[in-house]
Amino acid sequence: MGDSTQELDALVKRKYKEGFVTNIESDTLPPGLDEDVIREISRRKNEPEFMLEWRLEAYRKWLDMPEPEWAHINYPKINFQDISYFSAPKNPDDGPESLDEVDPRLLETYAKLGIPLEEQKMLAGVKGANIAVDAVFDSVSVRTTFRGKLAEAGVIFCPISEALQEHPELIKKYLGSVVPQTDNYYAALNSAVFSDGSFVYIPKGVRCPMELSTYFRINEMNTGQFERTLIIAEEGSYVSYLEGCTAPMRDENQLHAAVVELVTMKDAEIKYSTVQNWYPGDENGRGGIYNFVTKRGACRGDNSKISWTQVETGSAITWKYPSVILYGNHSVGEFYSVALTHNMQQADTGTKMVHIGKNTSSTIISKGISAGRGQNTYRGQVKILRGADGARNYSQCDSLLMGDQCGAHTFPYVEVQNKTANLEHEATTSKISEDQLFYLRQRGLSEESAVSMIVNGFCKEVFRELPMEFAVEAQKLLDVSLEGAVG
Amino acid sequence: MLSIKNLKAEIGGKKILKGLSLEVAAGEVHAIMGPNGSGKSSFANVLAGHGGYEMTGGSINYLGKDLTEFNVEERAAEGLFLAFQYPMEIPGVSNIAMLKTAVNSIRKYRNEDELTAGAFLKVIKKKAALVEMKQELLKRSVNEGFSGGEKKRNEILQMAVLEPTLSVLDETDSGLDIDALKIVAHGVNTLRSPDRSMIVITHYQRLLDYIQPDYVHVLADGQIVKTGNKNLALELEERGYGWLEKQVVNG
């Protein structure tokens with residue numbers, strides 16, 4: 001049994017499969033950040049004046065903000081002047097009309113990323129498929145599909161830069177309304193320099209006819225990626241949005257500071273699912289993405305619902321708390337999370353559920369898996385404000401440890417100002433036991449598939465919240481994450 | 001089928017098996033009885049290849065092969081099955097999914113085609129009926145929330161599905177009421193055949209009323225100290241193990 005720890009260790013040492021760099025000529029701003037850089041970003045994107053002013057305002061506030069240090073993560077100080085804040089693949093035309101016009105190397109990249117054949121077909125415009133892909137390559141949206149079908153339903157799904165041109169009033173009304181410019185250090189930085197991202201608008205009473213999907217990819221050396229996503233679901237509407245991402249292998253740390261804002265009106269629902277597989281760095285913690293993300297949803301209307309599901313397996317550092325503010329009476333917030341850390345990865349992730357309306361309810365299911373020397377922290381806050389009569393929360397935080405060099409930490413914060421609130425919290429920490437492995441191996445399973453089975457079983461409550469195709473992808477991702485030289 | 005000579009094994013430096021020898025021919029059922037701590041469960045674990053035990057001497061020949069050359073899952077695929085005394089729970093993994101993976105892992109090892117979902121369902125339905133296992137338990141997570149009796153029946157179900165050549169039942173009868181015991185025994189007896197062998201480890205003679213052994217062995221202090229037929233079990237029931245242990249000391 002003595003070498004079993006080593007075996008487990010070997011098991012989680014796997015090579016990052018998405019490590020490659022596409023050689024496309026880029027139009028990149030030199031490193032550095034000042035007001036001129038922000039003006040240049042805004043100019044290149046041909047943004048309306050209000051947008052530039054908003055960016056500059058955020059930038060000036062950011063300069064006075066301290067970098068947060070409360071998270072359970074360690075990393076060298078980031079020099080924000082070493083980062084380039086704009087990078088766009090060069091394209092002779094503004095937007096390719098057909099697949100032939102898309103840089104073949106770009107298509108190759110998507111193929112290597114394993115974008116399912118169906119979705120590649122969709123990229124190619126083959127009829128009968130039903131996921132729209134707004135592919136974000138570095139900072140600029142390269143191609144958007146199925147716009148027509150969505151437009152028929154009145155749904156707007158486009159790069160946020162385009163929305164700024166065509167629907168500036170919507171952007172003006174909602175951008176920063178859930179995550180204000182000064183919400184936190186990284187949100188402020190994002191507000192100043194955000195490059196692109198997705199914009200979704202679902203009109204009243206519309207059930208979005210397809211699941212919306214975006215692939216993000218960081219490709220430029222030293223280019224921080226600052227995505228900005230905004231989704232608005234009007235009264236009685238519904239949308240399911242999928243976000244999946246990978247990044248090529250790099251030696252230097254790359255900064256990613258995204259902001260996602262969701263708004264649901266009366267009776268509306270947004271389901272937001274993420275599979276995050278950015279480069280985690282090597283066994284010794286060299287390289288890897290720093291992922292500092294602010295995701296928040298506002299349930300503004302009665303009976304509205306926002307559900308976050310995330311599978312986080314990548315990045316050297318993950319700092320991410322998808323949250324829901326429950327303003328509307330009877331509104332519902334959900335957070336389902338799987339976070340896997342191995343080698344030297346660090347994750348500090350969780351959620352915040354703020355109950356304001358009456359009879360609001362929230363559910364938190366968090367599954368942390370630590371392997372190698374990975375550090376996994378759940379940080380969650382449930383806040384019941386004075387007027388939130390009859391609020392309910394159920395929280396469950398489970399940690400699974402593999403080997404004896406990793407760590408799992410849980411920081412649940414609870415603040416209750418209303419006596420009628422009903423909160424439940426459960427937490428468990430377990431190890432993959434030798435006895436479980438022996439049991440499954442005695443039934444004929446290899447050690448690898450036994451570990452995979454136990455881990456997937458551990459994550460089941462979260463995986464079943466994912467849309468079908470994503471659930472399969474997520475399981476595959478965990479398998480890849482746990483695959484390696486078995487001793 | 002199985003030929004064990006002078007088997008010695010220890011765990012964490014502590015000697016557990018001290019020269020155990022046993023011959024099991026095809027089609028035979030051998031019962032191993034003995035007091036607590038005599039090494040019965042350790043013997044089962046060593047046979048299955050548990051990594052916690054170190055084999056320090058002797059040999060295990062199984063179907064003409066040196067069993068110690070194979071790791072845990074290879075032994076399983078070679079037809080060795082261990083019904084656990086304490087079956088493990090695997091949260092979130094359905095019983096049926098685990099069994100399907102097990103069946104197909106073993107088939108793959110034997111260069112057989114994997115069973116399709118439909119073919120597998122047919123097999124499992126038939127076998128579940130054999131141990132009177134409710135369909136609902138097939139869909140539940142492996143052993144999670146199962147009663148003691150259900151866990152043991154689940155072990156026999158797995159055995160029935162995997163159709164092993166050599167089965168080792170480690171105290172499968174402990175914690176079973178008489179009805180469950182009959183069901184388990186029925187499952188085991190159905191599997192008996194001229195080319196399958198079984199080693200039944202038990203504390204109590206009771207089980208042997210339902211599973212008739214060809215031989216009964218007494219294991220004490222890491223060795224087989226007495227071998228007889230089923231009458232030996234009856235004698236043990238009456239006299240306990242004390243007289244045998246004294247013989248060992250005297251001998």
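Below, chain A is the first sequence line, B the second, and so on; all start at residue 1. Bear in mind the structure is a predicted one, so any value in this text is a computation, not a measurement.
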Name the region of B:Asn104, side chain, backbone, both or neither, that has any atom closer than 4.5 Å to a heavy atom of chain A. neither

Between the side chains of B:Glu144 and B:Arg140, is the shortest nitrogen-to-carboxylate-oxygen separation below 4.0 Å, so that they form an ion pair? no

State whether A:Arg441 and B:Glu73 are salt-bridged, where the test is any N-O pair (Lys NZ or Arg NE/NH1/NH2 against Asp/Glu carboxylate O) under 4.0 Å. yes

Cut-off 3.5 Å, side chains only: do A:Glu424 and A:Asn422 have a donor facing an acceptor? no

Best-contacting candidate, A:Cys459, A:Ser446, A:Ala450, A:Ser449, against chain B by heavy atom pairs under 4.5 angstrom: A:Ser446

Measure distances from B:Glu74 to the heavy atoms of chain A and classify the residue's part below 4.5 Å as side chain, backbone, both or neither. neither

Quick one: do the B:Ser174 and B:Lys152 side chains pair a donor with an acceptor below 3.5 Å? yes

Exercise answer: donor-acceptor pairs, residues 333-340 of chain A side-chain atoms, under 3.5 Å, sequence neighbours excluded:
unit_1   : atom_1 : unit_2   : atom_2 : d
A:Glu334 : OE1    : A:Ser307 : OG     : 2.9
A:Ser337 : OG     : A:Gln310 : NE2    : 2.9

For chain B, find which of A:Ile454, A:Leu445, A:Leu440 contributes the most heavy-atom pairs closer than 4.5 angstrom. A:Leu445

Chain B contact via A:Ser430 - side chain, backbone, both or neither, heavy atoms under 4.5 Å: neither

Given heavy-atom pairs under 4.5 angstrom as the criterion, report whether the side chain, backbone, both or neither of B:Ile90 touches chain A. both

Which one wins on heavy-atom pair count under 4.5 Å against chain A: B:Gly49, B:Pro91, B:Ala77? B:Pro91

Which answer fits B:Pro164, side chain, backbone, both or neither, if we ask what part of it has an atom under 4.5 Å from a heavy atom of chain A? neither

Toward chain A, the part of B:Ala48 with a non-hydrogen atom under 4.5 Å: both

Taking only Lys NZ, Arg NE, NH1 and NH2, and the carboxylate oxygens of Asp or Glu, determine whether A:Glu312 and A:Lys320 approach each other closer than 4.0 Å. yes

Go through the atoms of B:Phe81 and report whether side chain, backbone, both or neither lie under 4.5 Å from a heavy atom of chain A. both

Check: A:Asn393/A:Ser395 side-chain N/O donor and acceptor closer than 3.5 Å: yes

By salt bridge (Lys or Arg N to Asp or Glu O under 4.0 Å), B:Lys65 pairs with (sequence neighbours left out) B:Glu78

With only heavy atoms counted, which part of A:Tyr439 is less than 4.5 Å from chain B, the side chain, the backbone, both or neither? both

Below 4.5 Å, heavy-atom pairs only: which of A:Glu461, A:Gln436, A:Lys460 has the largest tally toward chain B? A:Gln436

